[in-house]
Asks: 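Structure incoming, see below.
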Amino acid sequence: MSSGPGRRLVLHVDLNNTVVAADAVSGQGPRAALNSFLSTVTWGRAGAAGEWQWVSDRPSLRPPCPDALSYYSRHGRDPAFTERGPGRRFRSLHARHLQLLEWPGRPHEVLSVQGDPSKRYHLLLPAFLRLLDALHRDGRAFAVIFRTFGTDLPRALRAVSCALQGQHPQFPALRDVALPVDLTPGQIRCSKREVVLTKGAERLTTREDARKLYNYFSSFEGIGGFQDHFDWWARNQFSSRGGKPLWIDPHDSSVHHIFIDDNIRLDDADTIVNPQVFSERGSPSPRRVPTSELYDVCLVQTDLLQAIADQDYFLRCVRRCEENYDRYLSCREEDTPSQQWDGR
């Protein structure tokens, strides 16, 4: 059985607030996108008179106490979160991370983006480019598949292509990474009957055998991207049932699929990926599993603040998943109940 570094990695990576601190659909630049993210990872509760009361001064992906609510769960995502109201408490934190996003030196027409009138910022987080560089240096076999509901796939793919041509001032060695970049995005569309993947002349469906899409992604080469089905997610009340599909086969030890997205949450009623596991060897039909079964195993909830501040962040996330995946597979081989992973 292949393990850890010997296993091929297929990284399914969200764009907005994961490796891109901006949102083309809503028109949010880095300042607004960072504010929006902060509103999802700060926690409080309503007081007796209905006023908002903070229960923690520290952002976190998960609630710091049982009855804590994220600000966004009560008030929605706020692109001006730290500029008014209760969110002003986190203004200095926002300013510090926004400064870390500033582009160094001369602007690049693709790799840097305009933010404030006098500032330009990284389009792709340096931590993501560091991940590509580190995996290449380690001799790993890997592919990257951008998975987004938005419309900014072409821009992100062009940016990665420029970086792999050695045009990023902080990562010139990326020119040595021999990964082809497919600049043509595909689509994934979901219904009660099937999931359909289209890309150019290619068309695959899960109607008779979900393994078709699993095999497609497992053998994917280089870097590419797919627009997932936002309307289906919305029709399923933004739950895992309508989320971006991910197929896992624990009987196939040659490949490890990892999905990285800031909207992955342990609450299956409020998460963005629909994980499905082929429990029986060779079965064409997977079973839906709770996020908790694969959290920090095949599912990574992005901490945008850490991804901005620590260039090794994504690399550490991948390594943690690989360690946990080895244990996950061992549990299954020993025919013991699957451990419910919660990141501890």
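Index from 1, following the sequence.
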Asks: Could you check whether atom CZ of R288 has more than 12 heavy atoms from other residues, nucleotides or ligands sitting under 6.0 Å from it?
Replies: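 Yes - once you tally the heavy atoms of other residues, nucleotides and ligands closer than 6.0 Å, there are more than 12.
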Asks: Is any NZ, NE, NH1 or NH2 atom of the basic residue among D138 and R319 found under 4.0 Å from an Asp or Glu carboxylate oxygen of the other?
Replies: yes
Asks: Answer yes or no: is there a side-chain heavy-atom contact under 4.5 Å between V110 and R158?
Replies: yes
Asks: Considering non-hydrogen atoms only, spot the tightest contact between H94 and R31 and give its length.
Replies: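 Looks like NE2-O, 3.0 Å.
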Asks: Considering all heavy atoms of both residues, which atom of C321 and which atom of H256 are nearest to each other, and what is their separation?
Replies: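 In terms of heavy atoms, the two residues are closest at O-CE1, 3.5 Å.
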Asks: Any ion pair linking R130 and D312 (charged N to carboxylate O, less than 4.0 Å)?
Replies: yes
Asks: Find out whether the Lys NZ or Arg CZ of K199 is both under 6.0 angstrom from the six-membered ring centre of Y216 and within 45° of the ring's axis.
Replies: no
Asks: Can you confirm whether Q165 is buried at CD, in the sense that more than 12 heavy atoms of other residues, nucleotides or ligands lie under 6.0 Å from that atom?
Replies: yes
Asks: How many angstroms lie between CZ in R140 and CG in L9, if you round to the nearest 0.5 Å?
Replies: 4.5 Å
Asks: Applying salt bridge (charged side-chain N to carboxylate O under 4.0 Å, His left out), which residue pairs with at least one partner in residues 93-107 are found, sequence neighbours left out?
Replies: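 Salt bridge (charged side-chain N to carboxylate O under 4.0 Å, His left out) check on residues 93-107 returns E102-K119.
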Asks: Can you list everything that forms a ring-ring contact (aromatic ring centres under 6.0 Å, His included) with F220? Sequence neighbours excluded, please.
Replies: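 Once residues adjacent in sequence are excluded, F220 has no partner under the ring-ring contact (aromatic ring centres under 6.0 Å, His included) criterion.
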Asks: Kindly say whether T291 contributes a backbone atom to a donor-acceptor pair with the side chain of D268 at under 3.5 angstrom?
Replies: yes
Asks: Is the number of heavy atoms from other residues, nucleotides or ligands within 6.0 Å of CD (Q114) greater than 12?
Replies: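 Yes, because the 6.0 Å sphere around CD of Q114 holds more than 12 heavy atoms from other groups.
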Asks: Looking at every heavy atom in both D310 and A127, which two are closest together, and how far apart are they?
Replies: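 Distance-wise, the nearest heavy atoms are O-CB, 3.7 Å.
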Asks: For D133 and L129, indicate whether the former's side chain and the latter's backbone hold a donor-acceptor pair under 3.5 Å.
Replies: no
Asks: Between E322 and R327, is the closest basic N to carboxylate O distance under 4.0 Å?
Replies: no
Asks: Identify the two heavy atoms, one from P185 and one from L157, that lie closest to each other, and give their separation to 0.1 Å.
Replies: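 Looks like CG-CD1, 4.5 Å.
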Asks: Say whether V196 and V273 are linked into one hydrophobic cluster, either directly or through other cluster members, by side-chain heavy-atom distances under 4.5 angstrom.
Replies: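 Different clusters: V196 never reaches V273 through Ile, Leu, Val, Met, Phe, Trp or Tyr contacts under 4.5 Å.
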Asks: In terms of hydrophobic clustering (I, L, V, M, F, W, Y; side-chain heavy atoms under 4.5 Å; direct or indirect links), are W232 and F149 co-clustered?
Replies: no
Asks: Do Q227 and T151 come within less than 4.5 Å of each other through their side chains, counting heavy atoms only?
Replies: yes
Asks: Determine whether a donor-acceptor pair (N or O, by modelled atom type, separation under 3.5 Å) exists between the side chain of H257 and the backbone of D249.
Replies: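 Answer holds: no.
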Asks: Quick one: are V195 and W247 in side-chain contact, heavy atoms under 4.5 Å?
Replies: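 They are in contact (side-chain heavy atoms under 4.5 Å apart), so the answer is yes.
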Asks: Give, for atom CD of E208 and atom OG of S285, the distance between the pair rounded to the nearest 0.5 Å.
Replies: 11.0 Å
Asks: Nearest 0.5 angstrom please: L266 CG to D296 CG, how far?
Replies: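 The distance works out to 8.5 Å.
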Asks: Testing T18, L304, V20 for side chain to side chain contact (heavy atoms under 4.5 Å, CB included) with L125, which one passes?
Replies: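 For L125, the side chain to side chain contact (heavy atoms under 4.5 Å, CB included) check succeeds only for L304.
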Asks: With the side chain counted from C-beta on, respond yes when V300 and F314 share a heavy-atom pair under 4.5 Å apart, and no when they do not.
Replies: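 The answer is no; the side chains never approach within 4.5 Å.
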Asks: Can you hop from L38 to Y121 via hydrophobic side chains spaced under 4.5 Å?
Replies: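 Per the 4.5 Å side-chain linkage, L38 and Y121 are co-clustered.
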Asks: If you apply the rule side chain to side chain contact (heavy atoms under 4.5 Å, CB included), what do you find for S191 with R207, and how did you get there?
Replies: CA-CA 10 Å; S191 68; R207 181 172 295 192; over 6 Å; no
Asks: Ignoring hydrogens, what is the shortest heavy-atom contact between T40 and R265? Give both atom names and the distance.
Replies: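 Residues T40 and R265, closest heavy atoms: CB-NH2, 4.2 Å.
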Asks: Whether the side chain of N35 engages the backbone of P79 through a donor-acceptor N/O pair (distance < 3.5 Å, no angle test) should be reported.
Replies: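 Yes: the side chain of N35 pairs with the backbone of P79.
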Asks: Would you say the ring centroid of W43 lies under 6.0 angstrom from that of Y71?
Replies: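 For W43 and Y71, the ring centres are not under 6.0 Å apart.
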Asks: Would you please classify the geometry between the F278 ring and the Y214 ring as parallel, tilted or perpendicular, with 30° and 60° separating the classes?
Replies: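 Aromatic pair Y214/F278 classed perpendicular.
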Asks: Treating S70 as the side-chain partner and S73 as the backbone partner, does any N or O pair qualify as donor plus acceptor under 3.5 Å?
Replies: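 Judged by distance alone, yes, a pair lies under 3.5 Å.
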Asks: Is a donor on one side and an acceptor on the other found under 3.5 Å between the side chain of R8 and the backbone of S254?
Replies: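 It does not hold such a pair.
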Asks: Would you confirm whether D303, through its side chain, and Q306, through its main-chain N or O, come within 3.5 Å as a donor-acceptor pair?
Replies: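 Side chain of D303 to backbone of Q306: a pair is present.
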Asks: Passes side chain to side chain contact (heavy atoms under 4.5 Å, CB included), D261 versus Q301? Steps please.
Replies: CA-CA 5 Å; D261 194 307; Q301 181 180 3; over 6 Å; no
Asks: Membership question, hydrophobic clusters at under 4.5 Å side-chain separation (ILVMFWY): are L69 and L61 in the same one?
Replies: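 Yes, L61 and L69 fall within the same hydrophobic cluster.
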Asks: Are any of the side-chain heavy atoms of L164 and V181 separated by less than 4.5 Å?
Replies: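 In contact.
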Asks: Just wondering, do I145 and V13 contact through their side chains at under 4.5 Å, heavy atoms?
Replies: no
Asks: Assess the side chains of E194 and T206: does a donor N or O sit below 3.5 Å from an acceptor N or O?
Replies: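 No, T206 and E194 have no side-chain donor paired with an acceptor closer than 3.5 Å.
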Asks: Start with the C-alpha gap between D67 and R45, add the side-chain angles, then the distance that decides, and say whether side chain to side chain contact (heavy atoms under 4.5 Å, CB included) holds.
Replies: CA-CA 8 Å; D67 60 343; R45 61 170 72 94; 2.9 Å; yes
Asks: Do side-chain atoms of R89 reach the backbone of P86 as a donor and acceptor pair under 3.5 angstrom?
Replies: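 Looks like no, no N/O pair under 3.5 Å.
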Asks: How are the rings of F238 and F230 set to each other: parallel, tilted or perpendicular (split at 30° and 60°)?
Replies: tilted
Asks: Measuring from atom CD1 of I260 to atom CG of L299, what distance do you get when rounded to the nearest 0.5 angstrom?
Replies: 10.5 Å
Asks: Looking at R74, I want to see if its CZ is surrounded by more than 12 non-hydrogen atoms of other residues, nucleotides or ligands under 6.0 Å.
Replies: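 No, because the 6.0 Å sphere around CZ of R74 holds 12 heavy atoms or fewer from other groups.
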Asks: Heavy atoms, side chains only, cut-off 4.5 Å: are W233 and D228 in contact?
Replies: no
Asks: Using 0.5 Å steps for rounding, measure from the NE2 atom of H229 to the SG atom of C190.
Replies: 7.0 Å
Asks: Taking the six-membered ring for Trp and the single ring otherwise, decide whether the centroids of F128 and F146 are under 6.0 Å apart.
Replies: yes
Asks: Decide if atom CD of E109 counts as having more than 12 heavy atoms of other residues, nucleotides or ligands within a radius under 6.0 Å.
Replies: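 For E109, atom CD is not crowded (no more than 12 foreign heavy atoms under 6.0 Å).
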Asks: Give every residue pair that meets the ring pair (Phe, Tyr, Trp, His ring centres under 6.0 Å) criterion with at least one member in residues 154-195, sequence neighbours excluded.
Replies: W103-H168, H122-H168, H168-F171
Asks: Determine yes or no for a side-chain-to-main-chain donor-acceptor pair under 3.5 angstrom, with E83 supplying the side chain and F81 the backbone.
Replies: no
Asks: I want to know whether H12 and F226 have ring centres closer than 6.0 Å.
Replies: no
Asks: Assess the residue pair N17 and R77 against the criterion (side chain to side chain contact (heavy atoms under 4.5 Å, CB included)); give the C-alpha distance rounded to whole Å, side-chain angles, the decisive distance to 0.1 Å, and a yes or no.
Replies: CA-CA 12 Å; N17 282 352; R77 289 178 181 261; 4.1 Å; yes
Asks: Could you tell me the separation between the CG atom of D78 and the OG1 atom of T42, rounded to the nearest 0.5 Å?
Replies: 10.0 Å
Asks: Give me the atom names and distance for the closest heavy-atom approach of H251 to S279.
Replies: NE2-O, 2.7 Å
Asks: Taking the side chain as everything from C-beta on, heavy atoms only, tell me whether P245 gets closer than 4.5 Å to L213.
Replies: no
Asks: Give the cluster check for Y72 versus F90: same hydrophobic cluster or not, with ILVMFWY residues linked at side-chain heavy-atom distances below 4.5 Å.
Replies: no
Asks: Between W54 and W52, how do the two ring planes meet: parallel, tilted or perpendicular, split at 30° and 60°?
Replies: perpendicular
Asks: Assess whether atom CZ of R241 is packed by more than 12 heavy atoms of other residues, nucleotides or ligands within 6.0 Å.
Replies: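 Open: at most 12 neighbouring heavy atoms sit under 6.0 Å from CZ of R241.
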